[in-house]
Participant: 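Let me give you the structure first, and then I'll get to my questions.
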Amino acid sequence: AQTVTQSQPEMSVQEAETVTLSCTYDTSESDYYLFWYKQPPSRQMILVIRQEAYKQQNATENRFSVNFQKAAKSFSLKISDSQLGDAAMYFCAYRSSTYSGAGSYQLTFGKGTKLSVIP
Amino acid sequence: NAGVMQNPRHLVRRRGQEARLRCSPMKGHSHVYWYRQLPEEGLKFMVYLQKENIIDESGMPKERFSAEFPKEGPSILRIQQVVRGDSAAYFCASSPGGENSPLHFGNGTRLTVT
């Protein structure tokens, strides 16, 4: 079974600075997807960025980018020019790529990192 | 295009009562997923449904929990004889299907069992 570990329960960053959130995962599969979701106090789960494991290039979405290290099974999220609206819980998630029976469409989430942005 | 709609947003039930949580997927989405989030935890998969079919219920507790996604109307997650341990946020997500389809989540229903 796949597991996702986020080792930083809480992080803080000064407004306009850069912060990196860590995520490691364990899997025996070679093809899969990785995601970062943001959960603000409103509770909605918002997709921030996604990465296909077969792509070597790191995904980027505006101020958000990832450092995907497949061999190390590491998938960190970098937030540049942090804004007050970035304050939220951030969840790393894993999903299998191909249908292989029960569980293959499931997202496996880490426990989350609470990010605070200091004005 | 409205997003995934869940209601109610908050639900309070006494122990032993039934809880019904509703989810209307995004327009054009025929795949629905239910997840549960316990306090201080990430979301955990419960069940995956397509119209009138349960595809994967490997995350559902064996007793008291059931889910459906009828041909017409919203998907329903039903919890019978609720206990305090059922208190959690329940999230619904939908997708149009296909391996590359991202999930779109609703705002969740927070169930409190007193």
Side-chain angles (χ1 to χ4, degrees), chain A residues 1-10 21 23-25 29 31-55 59 61 75 88-114, chain B residues 2-11 21 23 26 29-50 53-60 67 69 88-112:
Chain A
Q2 294 81 22
T3 58
V4 176
T5 302
Q6 293 179 251
S7 58
Q8 305 152 317
E10 295 187 28
L21 308 184
C23 172
T24 58
Y25 57 95
E29 298 172 338
D31 279 335
Y32 46 87
Y33 296 95
L34 295 164
F35 304 85
W36 278 98
Y37 279 89
K38 172 185 176 182
Q39 187 179 42
S42 67
R43 211 167 60 210
Q44 185 180 8
M45 293 292 286
I46 302 165
L47 178 62
V48 175
I49 200 165
R50 76 180 225 161
Q51 174 84 40
E52 289 94 339
Y54 64 86
K55 289 187 177 178
E61 287 287 340
F75 183 60
M89 285 291 291
Y90 285 82
F91 292 96
C92 179
Y94 171 104
R95 202 193 88 189
S96 295
S97 175
T98 55
Y99 186 72
S100 57
S104 58
Y105 285 98
Q106 300 175 21
L107 281 170
T108 301
F109 285 86
K111 291 192 174 183
T113 297
K114 183 177 181 180
Chain B
V4 178
M5 304 300 292
Q6 288 190 250
N7 67 81
R9 185 132 171 85
H10 301 278
L11 181 63
L21 289 64
C23 168
M26 284 183 71
H29 287 192
S30 58
H31 298 242
V32 165
Y33 308 78
W34 285 93
Y35 283 78
R36 177 164 65 175
Q37 185 179 30
L38 295 171
E40 311 298 324
E41 298 279 329
L43 279 68
K44 288 198 168 22
F45 170 81
M46 298 183 75
V47 62
Y48 162 37
L49 309 104
Q50 295 178 20
N53 284 307
I54 296 174
I55 306 302
D56 179 355
E57 56 181 349
S58 58
M60 287 273 274
F69 188 19
Y90 291 83
F91 287 87
C92 171
S94 73
S95 78
E99 189 175 299
N100 269 325
S101 302
L103 298 189
H104 297 261
F105 282 86
N107 284 359
T109 293
R110 180 168 297 283
L111 172 66
T112 301

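Keep in mind that what you see is a predicted model, and the values were worked out from it rather than measured. First the proteins, then the strands, lettered A, B, ... as listed; each starts at 1.
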Participant: Quick check: are there more than 12 heavy atoms from other residues, nucleotides or ligands sitting under 6.0 Å from CE of B:Met5?
Facilitator: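 It does not: B:Met5 CE has 12 such atoms or fewer within range.
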Participant: Start with the C-alpha distance between A:Tyr32 and A:Tyr94, add both sets of side-chain angles, then the distance that settles ring pair (Phe, Tyr, Trp, His ring centres under 6.0 Å), and finish with yes or no.
Facilitator: CA-CA 7 Å; A:Tyr32 46 87; A:Tyr94 171 104; 5.1 Å; yes
Participant: Please flag which part of A:Tyr37 lies under 4.5 Å from any non-hydrogen atom of chain B: side chain, backbone, both or neither.
Facilitator: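 Only the side chain of A:Tyr37 comes within 4.5 Å of chain B.
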Participant: Is chain B contacted by the side chain of A:Gln6, its backbone, both, or neither, given a heavy-atom distance below 4.5 Å?
Facilitator: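 It is neither, since no heavy atom gets under 4.5 Å.
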Participant: Which of the residues B:Glu40, B:Gln6, B:Gln37 is involved in the greatest number of heavy-atom pairs with chain A at under 4.5 angstrom?
Facilitator: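 Ranked by contacts with chain A, first place is B:Gln37.
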Participant: Starting at OH of B:Tyr90, measure out to CZ of B:Arg110 and round the result to the nearest 0.5 Å.
Facilitator: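 Interatomic distance, B:Tyr90 OH to B:Arg110 CZ, rounded to 0.5 Å: 11.0 Å.
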Participant: Classify the ring geometry between B:Tyr33 and B:Tyr48 as parallel (under 30°), tilted (30 to 60°) or perpendicular (over 60°).
Facilitator: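 Ring orientation of B:Tyr33 relative to B:Tyr48: parallel.
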